[in-house]
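Some notes on the structure that comes next.
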Amino acid sequence: MNLTESLLGALRDHGARQIFGIPGDFALPFFRIIEESGILPLHTLSHEPAVGFAADAAARVGQGLGVAAVTYGAGALNMVNAVAAAYAERSPLVVLSGGPGRGESRSGLLLHHQARSLDSQLEIFRELTCDQARLEDAARAPAEIARVLAACVDRSLPVYLELPRDMAAAPCAKVSPLPTAPPDREVLDACADEVLARLSRARSPVLMVGIEVRRYRLEEKVAELAHRLGVPTVTSFMGRGLLTGADAPLLGTYLGVAGDPGLTRLVEDSDGLFLLGELVSDTNFGASERSIDLRKTIHAWEGEVKLGYHAYQGVRLADLVDALLARTAPTSRHFAVSRPVYPRGLVADGAPIAPADLAAAVNDLMATHGTMPIASDVGDCLFTAMDVDQTELVAPGYYATMGFGVPAGLGLQAATGRRPLVLVGDGAFQMTGWELGNCRRLGFDPIVLVFNNQSWEMLRTFQPQSRFNDLDDWKFAEMAAGLGGDGVRVRTRAELAQALARAAATRGRFQLVEAMIPRGVLSPTLKNFVEGVKRLNAGKA
Ligand SMILES: Cc1ncc(Cc2csc(CCOP(=O)(O)OP(=O)(O)O)c2C)c(N)n1
Ligand SMILES: [Mg+2]
């Protein structure tokens, strides 16, 4: 066995099911072994940001790790933003970069693709990953790979592996995955007892389910826990789509001033808010009507459980959930909650299209054809997604980078085999929408809904006077055929309904529906968000 085969076997043992990548001369040797060994399927794309986004999405919905393989320098550094997004959103992404061979590193020559020094890339990724290794010694490599991949899974954070090109085929032993360290029972028991005591004393406990519940694959267990505790459950903006398919007492998504007033009050007035695997960020809590008193919350995040003024360290979320389930009795009383009502029944008439119509059209489509996993980009399309009925959703709801949507749709289909729906604005499509040109070769056929308002509309809502928010009309639908798919531009609600029905009935080619939206027409959620934030800021002024 060689070093690359040993690494590929370890990636598969840790849950990776595919590799996204773009080769280069520093990576050709290990790309060749990836292709010839067939240990993991290789999906090559066109631009490294998309490689990172696709691998990130696959990590979020797949069995474990997402793998992004790139060449040294120009390739890996092209992917920095996507890896930063994965770090911010706790995605277990493995960055696998080729690198200069040991001999050429000592040649004294400046090497192509080198930035400042031969270590610059490693130093940059040290800031965006939780563990790193340069595999320059085949004897040490199995232990280094085991350590780095264990960190990736355990912390659900990106890691970095650099493979010098003269090491790819070096003989190497198999990697033995590290055993998971057992929890500190005393800490875990004390923590679980105190969490339950707090919740039982609370007059109005609420469970808010965050992204770590997905990252550690705990959704079914958490749904059961919510029933046993008899506690209503919500998700945050970032957590939207969690618990889809799990029988949870899910009330909806907390959006502060932009969301359902009753749900907002329930969360903000709670004297026992249990933030389970939740990121306390501005996108999740920045639009709070009333700031949440974190001293009254129970916050489990990144292996720490904070209660009021003290915290328990080294408590894995999975161990905490198991300990809480062990202390609560199963119940047949699966209490029902009034679930949110999402818009349906699009009026298919000659009226122009608003984002709310797109949500209704998507809900109608899923009611007829079954739910589809959704990949959303940043922009009003993501706020519109809040009005789409509960379904699996991957989106950079916190890091908020554009360009995620289309590549993440490819990652979704690669990881799940299910046809995804992609929601993307015209500005974001200009960045990575062209990756659709790889669908025919890779066998993917997403339905892509482009919100074309010929504008950076999100920015315009905050700074309407700036003309730089005006975008041109790129006529995306006309370009679909050249990329190997089908495209249609729709201007009315009737055309929209017809186009989505046709897209759903057509398999084997990506379907691009370009919905023309008048500038300034926003989704209800974005409109409420902008008005609410302005009201909050006016109150603080
Ligand atoms: C990689 C990156 N560069 C810039 C920005 C900053 C930004 C946030 S939202 C936005 C406009 C999005 O326009 P789009 O047409 O896609 O959607 P919509 O607003 O609904 O019209 C920009 C430029 C971000 N977030 N990421
Ligand atoms: Mg736009």
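Atoms within each ligand, like the ligands themselves, are counted from 1 in listed order.
- Under the 30°/60° scheme for interplanar angles, the aromatic rings of Tyr254 and Phe285 are found to be tilted.
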Provide, line by line, the atom pairs where ligand 1 and the protein bring an N/O atom each to a distance under 3.5 Å; else say none.
from     : atom 1 : to     : atom 2 : distance (Å)
ligand 1 : 15 (O) : Asp426 : N      : 3.4
ligand 1 : 15 (O) : Asp426 : OD1    : 2.8
ligand 1 : 15 (O) : Gly427 : N      : 2.8
ligand 1 : 15 (O) : Ser455 : O      : 3.0
ligand 1 : 16 (O) : Gly427 : N      : 3.4
ligand 1 : 16 (O) : Ala428 : N      : 2.9
ligand 1 : 19 (O) : Glu457 : N      : 3.3
ligand 1 : 19 (O) : Met458 : N      : 2.8
ligand 1 : 20 (O) : Asp380 : N      : 2.8
ligand 1 : 21 (O) : Asn453 : OD1    : 3.2
ligand 1 : 21 (O) : Asn453 : ND2    : 3.0
ligand 1 : 21 (O) : Ser455 : O      : 2.9
ligand 1 : 21 (O) : Glu457 : N      : 3.1
ligand 1 : 25 (N) : Ala400 : O      : 2.9
ligand 1 : 26 (N) : Met402 : N      : 3.0

Pairs of donor and acceptor atoms involving the side chains of residues 526-534, under 3.5 Å and at least two apart or interchain, shall be tabulated with distances.
from   : atom 1 : to     : atom 2 : distance (Å)
Lys527 : NZ     : Glu531 : OE2    : 3.1
Asn528 : ND2    : Pro524 : O      : 3.1
Lys534 : NZ     : Thr461 : O      : 3.4

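- Using modelled atom types, one finds a donor on one side chain and an acceptor on the other under 3.5 Å when comparing Thr283 with Ser281.
- When the ring-ring contact (aromatic ring centres under 6.0 Å, His included) test is applied to Tyr342, no partner is found at least two apart in sequence or on another chain.
- Relative orientation of the Phe53 and Phe404 rings is perpendicular, given thresholds of 30° and 60° on the angle between their planes.
- Trp474 and Trp434 have parallel rings, their planes meeting at less than 30° on a 0 to 90° scale where 60° marks the start of perpendicular.
- Here the two rings, on Tyr87 and Phe125, have centers that are 6.0 Å apart or farther.
- Around the Mg ion (ligand 2), the protein N, O or S atoms found under 2.8 Å comprise Asp426 OD1, Asn453 OD1, Ser455 O.
- For the residue pair Arg90/Ser156, the side-chain donor-acceptor check at 3.5 Å is not satisfied.
- In this structure a side-chain-to-backbone donor-acceptor pair under 3.5 Å is present from Glu514 to Ala477.
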